[in-house]
Participant: 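Got a structure for you, questions after.
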There are 2 protein chains.
Amino acid sequence: MRLTTRGRYAVTAMLDLALHAQDRPVSLAEISERQTISLSYLEQLFSRLRQSGLVASVRGPGGGYRLVESSANIWVADIIDAVNESVDTTNCQGRGDCQSGSICLTHHLWEDLSQQIHNFLSSISLADLVAKRNVQDIAHRQVTQLLTLDENVRANAC
Amino acid sequence: MRLTTRGRYAVTAMLDLALHAQDRPVSLAEISERQTISLSYLEQLFSRLRQSGLVASVRGPGGGYRLVESSANIWVADIIDAVNESVDTTNCQGRGDCQSGSICLTHHLWEDLSQQIHNFLSSISLADLVAKRNVQDIAHRQVTQLLTLDENVRANAC
DNA sequence: CTAATACCCGAGTATTTTAGTCAACTAATA
DNA sequence: TATTAGTTGACTAAAATACTCGGGTATTAG
Ligand code: FES
Ligand code: FES
């Protein structure tokens with residue numbers, strides 16, 4: 001199994017979208033700023049998210065991305081799948097052939113574990129995350145932090 | 001989170017020990033043969049397993065390793081911890097500081113997931129695995145396969 | 001006593017994966 | 001028509017993984 005920065009970034013970015021793309025599309029530059037994720041890296045991730053039908057893009061000025069479905073219908077597991085982070089913990093990708101063609105001693109254990117992880121991540125929607133108090137608090141902090149930063153920049157410019 | 005070949009090998013090798021080290025110690029060479037894991041790599045893994053107090057070694061001819069505790073008291077989570085594969089899925093190792101010192105949007109999600117995985121792996125002992133029918137079948141196959149191989153070698157030698 | 005066995009340990013290396021960059025392009029719009 | 005912002009592919013640096021190698025040391029069977 002691999003669950004690394006890629007999958008975490010993807011879920012974080014999608015959550016940012018759920019929080020901020022209420023009426024207008026949200027640009028990757030915005031997400032990049034709020035979540036401190038490299039813009040170019042986000043582009044890579046959203047390319048996959050779009051291909052998986054989770055987000056739709058709007059080009060041109062004022063453009064950006066928006067969720068295709070309601071956040072209540074988007075599951076964390078879908079997002080991680082979309083960016084190619086398998087939640088599969090077997091060595092054989094489920095084929096059962098990792099000991100020179102035969103099944104190994106622990107195959108079933110990893111299969112069960114994978115199922116557990118998948119069930120858990122499939123039980124949580126973006127809407128569930130948005131509803132959490134701590135998520136709202138963090139989102140609020142991220143916005144005000146940027147506003148303060150902005151003021152400082154303006155002050156320095158004068 | 002990383003759950004890779006290292007953790008899988010460690011659990012497999014420990015299960016092999018639980019299956020075969022009933023009265024006598026089992027050498028790494030045996031495990032290497034049965035589980036098709038590189039001997040040198042096994043030495044590395046068992047160094048850590050020994051330091052964690054999961055196995056004890058017996059040097060010299062006829063030596064090998066044995067479980068320190070009964071297999072019913074060894075949990076899969078312990079083994080994975082011992083070989084330094086953290087089951088932690090947060091980016092911050094639980095510190096809550098991955099967004100330049102502050103907590104990120106999805107920290108709690110990964111914390112919950114880590115807990116789930118840990119609970120699952122802590123609920124399964126080596127004895128549980130040994131008791132499974134499919135594990136016994138595979139173990140049986142591994143032994144008979146080696147015996148056949150042995151006969152062939154002997155036949156070729158004549 | 002000694003040779004063989006099997007653990008012990010540290011250093012080194014090839015490969016793979018990840019995280020991130022760069023540059024050139026296209027579509028939309030103000 | 002200039003600017004914004006998505007689209008794409010190739011490329012790179014760094015890290016982690018999965019090993020290997022070589023020389024140890026303790027133990028014991030003969
Ligand atoms: S993990 Fe599937 S056969 Fe070994
Ligand atoms: S994962 Fe812990 S703060 Fe981001």
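Values in this document were obtained by computation on a predicted structure and should not be read as measured data. Order of the sequence lines sets the chain letters (A, B, ...), proteins ahead of strands, with each chain counted from 1. Because only heavy atoms are used, hydrogens play no part in the values below, and waters and symmetry mates are left out as well, while side chains stay in.
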Participant: Does Gln44(A) get its side chain close enough to the base of dT7(D), under 3.5 Å, for a donor-acceptor pair?
Facilitator: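 Such a pair does not exist between side chain and base.
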Participant: Does Ser40(B) make a side-chain N or O approach to OP1 or OP2 of dC21(D) shorter than 4.0 Å?
Facilitator: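 No, outside the criterion.
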Participant: Can you check the Ile37(B) CD1 to dT17(D) P distance for me, whole Å?
Facilitator: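 Result: 17 Å.
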Participant: Using a heavy-atom cut-off of under 4.0 Å over every strand shown, decide if Tyr9(B) touches base, sugar-phosphate, or nothing.
Facilitator: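 Counting heavy atoms under 4.0 Å across all strands, the contact made by Tyr9(B) is with sugar-phosphate only.
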Participant: Using the side-chain contact (heavy atoms from CB on, under 4.5 Å) rule, take Glu111(A) and Thr106(A) through it: C-alpha gap first, then chi angles, then the decisive distance, then the call.
Facilitator: CA-CA 9 Å; Glu111(A) 221 169 36; Thr106(A) 47; over 6 Å; no
Participant: Would you mind reading off the distance between Phe46(A) atom CZ and dT8(D) atom C1', rounded to a whole angstrom?
Facilitator: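 One finds 16 Å between C1' of dT8(D) and CZ of Phe46(A), rounded.
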Participant: Is the shortest distance from a Lys or Arg side-chain nitrogen in Arg141(A) or Asp137(A) to a carboxylate oxygen in the other one below 4.0 Å?
Facilitator: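 Not counted as a salt bridge, because no side-chain N and carboxylate O are separated by less than 4.0 Å.
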Participant: From OH of Tyr41(A) over to C1' of dG9(D), roughly how many Å is that when rounded to an integer?
Facilitator: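 Spelled out: OH on Tyr41(A) to C1' on dG9(D) is 16 Å.
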Participant: Rounded to whole Å, please give me the gap between CG in Leu45(B) and C1' in dC8(C).
Facilitator: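 In whole Å, dC8(C) C1' lies 14 Å from Leu45(B) CG.
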Participant: If the cut-off is 4.0 Å, is Ser38(B) near the phosphate of dT20(D), judged by side-chain N/O to OP1 or OP2?
Facilitator: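 Looking at the OP1 and OP2 atoms of dT20(D), one of them is under 4.0 Å from a side-chain N or O of Ser38(B).
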Participant: Hey, what do you get for CH2 (Trp110(B)) to OG1 (Thr12(A)), rounding to the nearest 0.5 Å?
Facilitator: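 These two atoms lie 7.0 Å from each other.
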Participant: Would you please say whether a donor-acceptor pair under 3.5 Å links the side chains of Gln99(B) and Gln142(A)?
Facilitator: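 The criterion, which ignores hydrogens and geometry beyond distance, is satisfied for Gln142(A) and Gln99(B).
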Participant: Donor-acceptor pair, distance only, cut-off 3.5 Å: does the side chain of Arg66(B) make one with the backbone of Leu17(B)?
Facilitator: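 Here the side-chain-to-backbone pair does not exist.
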Participant: For Leu3(A) and dT17(C), what is the distance between atoms CG and P respectively, to the nearest whole Å?
Facilitator: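 So the CG-P distance, Leu3(A) to dT17(C), works out to 17 Å.
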Participant: Does Ser47(A) make a side-chain N or O approach to OP1 or OP2 of dG6(D) shorter than 4.0 Å?
Facilitator: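 It does not, given that no N or O in the side chain of Ser47(A) lies less than 4.0 Å from OP1 or OP2 of dG6(D).
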Participant: For Leu54(B) and Ala82(B), which heavy atoms make the closest approach, and how far apart are they?
Facilitator: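 Between these two residues, the closest heavy atoms are CD1-CB, 3.9 Å.
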Participant: Is any side-chain N of the basic residue among Glu43(B) and Arg50(B) closer than 4.0 Å to the acidic one's carboxylate O?
Facilitator: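 Salt bridge absent between Glu43(B) and Arg50(B).
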Participant: Restricting to nitrogen or oxygen on both sides, can you table the protein-nucleotides 3-7 of chain C pairs closer than 3.5 Å?
Facilitator:
unit_1: dC7(C); atom_1: OP1; unit_2: Leu28(B); atom_2: N; d: 3.0
unit_1: dC7(C); atom_1: O3'; unit_2: Ser57(B); atom_2: OG; d: 3.4

Participant: Within this structure, what is the CZ-to-C1' distance between Arg6(A) and dT17(C), rounded to whole angstrom?
Facilitator: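 Answer to the nearest Å: 8 Å.
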